[in-house]
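Single-structure report; data block below.
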There are 2 protein chains.
Amino acid sequence: MDTAPNGGDERPRWLSDDEQRVWRAYRHATTLLEDHLDRQLQRDAGMPHIYYGLLVQLSQAPRRRMRMTELAKDAKITRSRLSHAVARLERSGWVRREDCPSDRRGQNAYLTDEGYEVLKRSAPGHVAAVRQAVFDRLSPEQVGQLGEIMRLMAEGLQPSDPDADLPWLR
Amino acid sequence: MDTAPNGGDERPRWLSDDEQRVWRAYRHATTLLEDHLDRQLQRDAGMPHIYYGLLVQLSQAPRRRMRMTELAKDAKITRSRLSHAVARLERSGWVRREDCPSDRRGQNAYLTDEGYEVLKRSAPGHVAAVRQAVFDRLSPEQVGQLGEIMRLMAEGLQPSDPDADLPWLR
DNA sequence: TACGGCTTCTTGAAAGTTGAACAAAGCCTC
DNA sequence: GAGGCTTTGTTCAACTTTCAAGAAGCCGTA
């Protein structure tokens with residue numbers, strides 16, 4: 001069904017050759033980088049990249065703790081995924097949960113001292129990996145360009161707001 | 001301990017504030033986009049993004065078939081992962097396997113007519129999604145910049161060549 | 001030919017992710 | 001305060017990915 005996203009019978013606007021090349025380069029680079037960082041962290045910190053990101057977020061929060069939903073939102077993952085992730089990090093002893101005092105539905109996840117140590121131990125290696133793969137290879141101008149491009153892309157993909165596609169309803 | 005990856009006592013070079021912002025923007029945009037496309041394809045084509053990519057590759061190969069290893073290499077995934085993926089696509093009827101005539105260890109995966117139809121049906125929606133999320137939001141200059149940046153990043157992450165880190169050994 | 005070493009692909013188990021369904025608590029209105 | 005709607009976090013089952021191990025065929029060398 002060609003009808004899906006362009007309300008009528010409009011024919012699809014394919015990518016130009018240049019655009020295709022750029023899109024392939026994007027796919028290629030982003031998957032290579034994600035694989036690389038995932039392995040680096042699995043090896044050096046014993047967890048996948050996204051779990052590491054959760055610890056980082058917690059480490060920066062006041063009192064090193066956060067509501068589950070808030071953490072999920074910041075990390076751009078579903079609550080379901082976060083539940084599993086925190087359960088695993090709890091098993092590893094790096095995070096624990098506590099009841100939220102102000103909302104009895106809620107849970108706070110907090111970083112343990114042990115978790116903090118893991119973070120401190122693996123952060124330098126991780127930063128080095130990021131730097132080596134990205135920032136050391138780009139000119140300052142390119143870093144700026146990358147930031148702006150990513151900002152624009154994200155803008156069009158605002159998370160989860162179900163009316164994002166329907167601005168005329170606001 | 002700061003000692004990990006820099007052989008000696010060199011202290012880690014943290015990211016500057018600007019770099020951190022760019023890195024966050026990168027993470028943010030790339031994960032949003034990947035989630036978005038994954039859902040789009042799961043909904044409209046009944047498979048995750050990467051499986052769709054496999055069908056695309058096959059559709060462009062001569063006689064719509066490819067050796068497993070070659071396909072895995074092009075798609076930047078492990079042979080193991082490809083085995084599972086092709087098994088699943090075979091169950092869906094979109095791909096089949098055949099023995100490779102020239103190497104009895106080998107297998108060719110080929111796209112069925114049914115698989116080709118799925119592709120034809122879902123390609124326009126997918127292209128539209130990519131265009132809407134990326135190319136429609138960037139100026140032509142930015143598209144060029146993105147391509148170059150991604151090319152540079154990928155260059156430093158060459159897949160799988162175990163000696164890539166040891167150029168002096170060549 | 002026999003041997004060791006390499007490549008090709010698959011398998012199974014463990015780990016992680018997804019989406020739907022659910023219980024519990026909050027919130028709003030009558 | 002009863003009813004209905006929303007939010008919060010978890011759970012289950014189905015699916016995907018990873019890693020280690022292994023069967024089978026290739027290839028070079030003696």
Side-chain angles (χ1 to χ4, degrees), chain A residues 31 34-43 45-54 65-92 95-110 159-163, chain B residues 31 34-43 45-54 65-92 94-110 159-162:
Chain A
T31 66
E34 186 58 22
D35 284 7
H36 181 65
L37 295 181
D38 245 332
R39 289 208 178 122
Q40 184 265 318
L41 282 170
Q42 191 72 58
R43 176 164 47 73
M47 68 191 116
H49 194 181
I50 205 166
Y51 288 33
Y52 180 88
L54 296 175
R65 65 198 64 209
M66 253 190 241
R67 280 292 290 274
M68 293 291 279
T69 294
E70 192 194 352
L71 184 50
K73 212 168 290 176
D74 285 10
K76 277 106 202 166
I77 61 179
T78 60
R79 287 193 314 260
S80 167
R81 188 172 173 185
L82 181 62
S83 269
H84 291 293
V86 168
R88 180 317 199 160
L89 290 170
E90 207 165 21
R91 257 176 269 130
S92 304
V95 163
R96 268 201 274 286
R97 278 182 271 214
E98 66 184 7
D99 292 343
C100 172
S102 57
D103 183 338
R104 294 206 301 165
R105 293 168 304 182
Q107 293 278 104
N108 282 327
Y110 68 91
S160 59
D161 178 350
D163 296 337
Chain B
T31 66
E34 186 57 21
D35 284 7
H36 182 65
L37 295 182
D38 246 332
R39 285 199 187 129
Q40 185 264 317
L41 282 170
Q42 191 71 59
R43 176 164 47 73
M47 69 192 116
H49 194 179
I50 207 171
Y51 288 31
Y52 180 87
L54 296 176
R65 63 199 65 210
M66 252 190 243
R67 279 292 290 273
M68 293 291 280
T69 294
E70 192 194 353
L71 183 50
K73 213 169 288 174
D74 285 9
K76 277 103 201 169
I77 62 180
T78 60
R79 285 195 311 265
S80 168
R81 188 174 172 184
L82 181 61
S83 268
H84 290 296
V86 168
R88 185 306 204 167
L89 290 171
E90 208 165 20
R91 256 176 270 128
S92 304
W94 300 331
V95 163
R96 267 201 275 285
R97 278 182 271 214
E98 66 183 6
D99 293 343
C100 172
S102 57
D103 182 340
R104 293 205 303 165
R105 293 167 303 180
Q107 292 278 107
N108 282 326
Y110 68 90
S160 60
D161 178 349

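Letters go in sequence order (proteins before strands), and every chain restarts at 1.
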Mind checking the OH-CG spacing from Tyr51(B) to Leu41(B)? Nearest 0.5 Å is all I need. 13.0 Å
Using a cut-off of strictly less than 4.0 Å between a heavy atom of the residue and any atom of DNA chain C, enumerate the qualifying residues of residues 78-88 of chain B by number. Arg79(B), Ser80(B), Ser83(B), His84(B)
Please classify the nucleic acid contact of Ile50(B) as base, sugar-phosphate, or nothing, using heavy-atom distances under 4.0 Å. sugar-phosphate
Given that Arg97(A) and Asp35(A) both sit by DNA chain D, which one's nearest nucleotide is further toward the 5' end? Arg97(A)
About how many Å separate CD1 of Ile77(A) and CG of Leu71(A), when rounded to the nearest 0.5 Å? 6.5 Å
Members of residues 65-72 of chain A that approach DNA chain D, where some heavy atom sits under 4.0 Å away: Arg67(A), Met68(A), Thr69(A)
Would you say the side-chain atoms of Asp38(A) pair up with the backbone N or O of Pro48(A), donor to acceptor, closer than 3.5 Å? no
What residues, two or more places apart in sequence or in another chain, satisfy side chain to side chain contact (heavy atoms under 4.5 Å, CB included) together with Arg96(A)? Glu90(A), Tyr110(A), Thr112(A)
Heavy-atom nearest nucleotide on DNA chain C taken for Asp103(A) and for Arg91(A); more 5' hit belongs to Arg91(A)
Mind checking if Arg39(B) touches a base, just sugar-phosphate, or nothing, with heavy atoms under 4.0 Å? sugar-phosphate
First locate atom CZ of Arg79(B), then atom CG of Leu82(B), and finally report the distance between them rounded to the nearest 0.5 Å. 10.0 Å
Just how far, in rounded Å, is P of dC15(D) from OH of Tyr52(B)? 22 Å
Please list, chain by chain and in numerical order, all residues satisfying side chain to side chain contact (heavy atoms under 4.5 Å, CB included) with Arg43(B), sequence neighbours excluded. Gln40(B)
Let me have a per-nucleotide readout for nucleotides 1-6 of chain D, 5' to 3', with B, S or -, counting only protein heavy atoms under 4.0 Å. ------
Before accepting this row, confirm whether a basic side-chain N of the pair Asp103(A)/Arg67(A) lies closer than 4.0 Å to the acidic partner's carboxylate O. yes
Pairing residues for Arg91(A) by the side chain to side chain contact (heavy atoms under 4.5 Å, CB included) criterion, not counting sequence neighbours: Ala87(A), Arg88(A)
When rounded to the nearest 0.5 angstrom, what is the spacing between CD in Glu34(A) and OG1 in Thr31(B)? 9.0 Å
To the nearest 0.5 angstrom, please state how far the CE atom of Met66(A) sits from the CG atom of Leu54(A). 9.0 Å
